[in-house]
Structure formats: structure tokens, C-alpha cells
Amino acid sequence: MLAAMACALTPPGRRTVIDDSPEAITAFLRPRPARELPGVGAQAAATLAEYGLHTVGDVADVPQLTLQRLLGARPGRTLHERAQGRDTTIVDPTPTPASISTEHRFARDELDPAQHRRALLALADDLGARLRGSGQVAAGLTCTVHYADSSTTRRSRTLPEATLHTVLLARTAYAVYESLGLQRARVRSIALRADALRPADQATRQLTLDSGDDKPLAIEAVADRARARYGHSVLYPAALAHGGRVPADPDCGPVGSMRRESAGYGRAAGDTG
């Protein structure tokens with residue numbers, strides 16, 4: 001908390017040092033405007049100002065119960081702790097990447113739209129697995145197409161909801177590809193990038209009355225467990241099998257049907273007999 005506040009106040013090329021003694025922390029915090037404390041938005045700052053609480057020192061001098069009556073139980077308790085220079089937020093030193101990407105290069109310049117869709121399907125499958133493995137969701141998707149003449153087309157789209165599911169990533173990837181309106185384009189490679197990543201526990205999912213929407217996600221969960229145990233290549237979208245048909249609807253391909261390859265097995269995971 002102190003590092004973030006000091007960083008926001010420090011001009012470029014300069015450095016602010018706060019000693020770890022209670023006296024130094026208090027001297028830094030007390031004169032600062034209350035709105036600079038993490039978690040104090042415009043509405044909370046206005047509420048505090050109505051009661052004459054303009055600085056962090058003003059807030060620190062108010063009993064916790066008073067802050068809880070003004071802002072609510074949890075926000076009031078958190079604000080009281082932070083005004084005293086205490087922040088229990090766990091700091092993860094590993095930075096979360098803003099995006100992850102993957103690329104497919106064709107063995108030769110590819111004209112066939114079906115092969116383009118097959119590549120998109122494989123890329124979405126790879127991105128989905130990596131997102132789920134890292135516990136992140138993507139809020140956007142960028143598709144980049146490189147052509148034989150060295151030109152490039154790049155198109156981005158915001159996802160209807162932040163997701164880590166292959167079927168939803170593939171659906172958007174197909175839509176972006178179709179929006180390019182390619183006419184017999186000689187494609188050298190296709191790249192797919194998941195943008196605006198954030199922790200998966202911050203994601204929300206829209207409610208739906210269509211129970212069919214849950215089937216691909218259930219199959220995806222089973223596939224992830226199998227891949228974690230036996231390797232990524234043990235299960236993959238059936239459309240990516242040699243000679244497999246690439247569906248026009250990604251709901252029928254990425255995780256709606258999976259294919260298994262190991263030790264003599266080569267049937268679809270959902271088949272019996």
C-alpha cells in the first residue's frame with residue numbers, strides 16, 4: 001500500500017523512500033488526502049468529507065465503529081486499518097502478464113478457409129488451456145493474419161464476458177476471422193492473442209436457461225484433468241484429428257467433442273463400445 005501511494009506521488013526519474021519505522025509511516029500518511037488511500041473512491045471520499053474527514057490523519061483518529069457506520073462493516077474496517085498504515089493484502093511478486101499469445105505457421109501459404117479455421121481452433125484450444133492453467137481470464141481477443149506478400153491484418157474484439165473457456169474463445173476467433181472477409185487469401189500464419197488478463201476469481205458468468213451451454217464446459221473440465229495427468233496431446237478437439245471436419249460452429253468442435261490418442265486408442269472420448 002505504501003509503495004503504491006509513494007509511487008503515485010513520485011515524479012518520473014525521482015525516488016521516494018519511506019523508512020519502515022512507525023514514526024516515518026505516520027509522518028507520510030497523516031497529511032495525505034483520504035482519497036489517496038487504496039479503496040477510497042469518489043463516493044467514499046465524498047461521504048468522509050461530509051463529516052470533516054479530509055486527510056488520512058482525520059480518518060485515523062476516528063474510531064473503527066464510526067467508519068463502519070459511515071461506509072459499511074467491511075469497508076470501514078479496511079479503511080481504519082489502512083489509515084493506521086496496516087494493509088493485509090497479500091503481495092504476489094510475480095507480475096501477471098497483460099496478454100498471452102500463440103501462433104500457427106502453415107507449412108505452405110494456405111488458401112483453404114477450412115484450414116484457417118482449423119488453425120484458429122487449435123490456437124483457441126491452446127490459449128484456453130494456458131488460461132485455465134494459470135487461473136486467468138481474458139476480456140479480449142486479437143487475431144493477426146500474415147499473408148504471403150508479407151502484409152498483415154490485425155483485428156481485435158472484446159469478449160461478451162471475460163472467459164478462460166476454449167469454446168467461447170473459439171467462437172470469438174471465428175467471428176473475427178469471418179469479419180476479415182478474406183477472398184482466396186494466401187495465408188502464411190495466424191496468431192491469436194488473449195488480452196486484458198485478470199485473475200479468474202474476478203470473472204462473472206452470465207446466467208443462461210440453455211442447459212446445452214454447460215455440456216462443452218463439462219467436457220472441457222474432464223479433458224483438462226486428463227491432460228494434466230497424461231499430457232496435452234492425449235485429448236484434443238476431434239476436428240483437429242487428421243482428416244477431421246472443421247465445424248462452422250465452434251460449439252461443435254473445440255470441446256463439444258474431444259478425441260483421444262494413446263496406446264491403441266483413437267476414438268472420440270464420448271464414444272462407447
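What you see is a predicted model; the values in this text were computed from it and never measured.
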Heavy-atom nearest pair, A60 first then R30, reads CB-NH1, 4.1 Å
| query | Is it the case that R193 and T142 place a side-chain donor and acceptor less than 3.5 Å from each other? | reply | yes
>> Taking P38's backbone N and O only, do any of them form a donor-acceptor pair with R82's side chain (distance below 3.5 Å, no angle check)?
In response: yes
Between the OG1 atom in T102 and the CG atom in L127, the distance rounded to the nearest 0.5 Å is 6.0 Å
Rounded to the nearest 0.5 angstrom, the OG-CG distance for S134 and L164 is 8.5 Å
Between the CZ atom in R130 and the OG atom in S101, the distance rounded to the nearest 0.5 Å is 6.5 Å
Heavy-atom closest pair (R132 atom, H165 atom, distance to 0.1 Å) is NH1-CA, 4.0 Å
Inset, instruction - Evaluate the side-chain contact (heavy atoms from CB on, under 4.5 Å) criterion for residues E178 and R117: first the C-alpha distance (whole Å), next the side-chain angles of each, then the deciding distance (0.1 Å), finally the verdict. - result: CA-CA 10 Å; E178 294 299 331; R117 287 193 295 271; 4.0 Å; yes
Rounding to 0.5 Å, atoms CD1 (I100) and CG (D195) come to a distance of 10.0 Å
Besides L67, the hydrophobic cluster formed by Ile, Leu, Val, Met, Phe, Trp and Tyr side chains linked at under 4.5 Å, directly or via other members, contains M1, L2, M5, L9, I18, I25, F28, L29, L37, V40, L48, Y51, L53, V56, V59, V62, L70, L71, L79
Practice task
Look at the side-chain heavy atoms of Ile, Leu, Val, Met, Phe, Trp and Tyr, link any pair under 4.5 Å apart, and say whether I190 and L111 land in one connected group.
Solution key: no
### Query
If you measure only the distance, is there a donor-acceptor pair under 3.5 Å linking the side chains of R154 and T144?
yes
Check: With a 4.5 Å limit on heavy-atom distance, are the side chains of E81 and Q84 in contact?
Finding: no
T172 side chain vs L168 backbone, donor-acceptor pair below 3.5 Å
yes
Heavy atoms of A138 and L131 approach each other most closely as CB-CD1, 4.1 Å
Q. Given L169 and D125, is the side-chain contact (heavy atoms from CB on, under 4.5 Å) satisfied, shown in steps?
A. CA-CA 8 Å; L169 294 169; D125 185 55; over 6 Å; no
Would R105 and E103 satisfy side-chain contact (heavy atoms from CB on, under 4.5 Å), going step by step from the backbone distance to the final call? CA-CA 7 Å; R105 299 185 66 86; E103 184 177 15; 3.8 Å; yes
Rounding to 0.5 Å, atoms CG (L121) and NE2 (H116) come to a distance of 14.5 Å
- Query: After noting the C-alpha distance and the side-chain angles of F106 and H104, does the key distance pass the side-chain contact (heavy atoms from CB on, under 4.5 Å) rule?
  - Reply: CA-CA 6 Å; F106 295 102; H104 176 83; 3.6 Å; yes
Looking only at heavy atoms, the pair that brings C143 and V176 closest together is CB-CG1, 3.7 Å
Hits for side chain to side chain donor-acceptor pair (under 3.5 Å) against T10, two or more places apart or cross-chain, chain-then-number order -> T16
Do R77 and Q68 have side chains that approach each other closer than 4.5 Å (heavy atoms only, starting at C-beta)?
yes
**Study point:** R35 atom CZ, neighbour heavy-atom count above 12 within 6.0 Å
**Key:** no
Output for pair (S99 OG, Q136 CD), nearest 0.5 Å, gives 10.0 Å
Looking at side-chain heavy atoms only, is the closest gap between L141 and R157 below 4.5 Å?
no
Y147 and A185 have their tightest heavy-atom pair at CE2-CB, 3.9 Å
| said: I'd like to know if the side chain of D58 reaches the main chain of T55, judged simply by a donor and an acceptor atom lying under 3.5 Å from each other, with no hydrogens or angles considered. | reply: yes
Task: Side-chain touch H146/V187, heavy atoms, less than 4.5 angstrom - done: no
On a heavy-atom basis, the closest approach of A173 and L120 is O-CD1, 3.9 Å
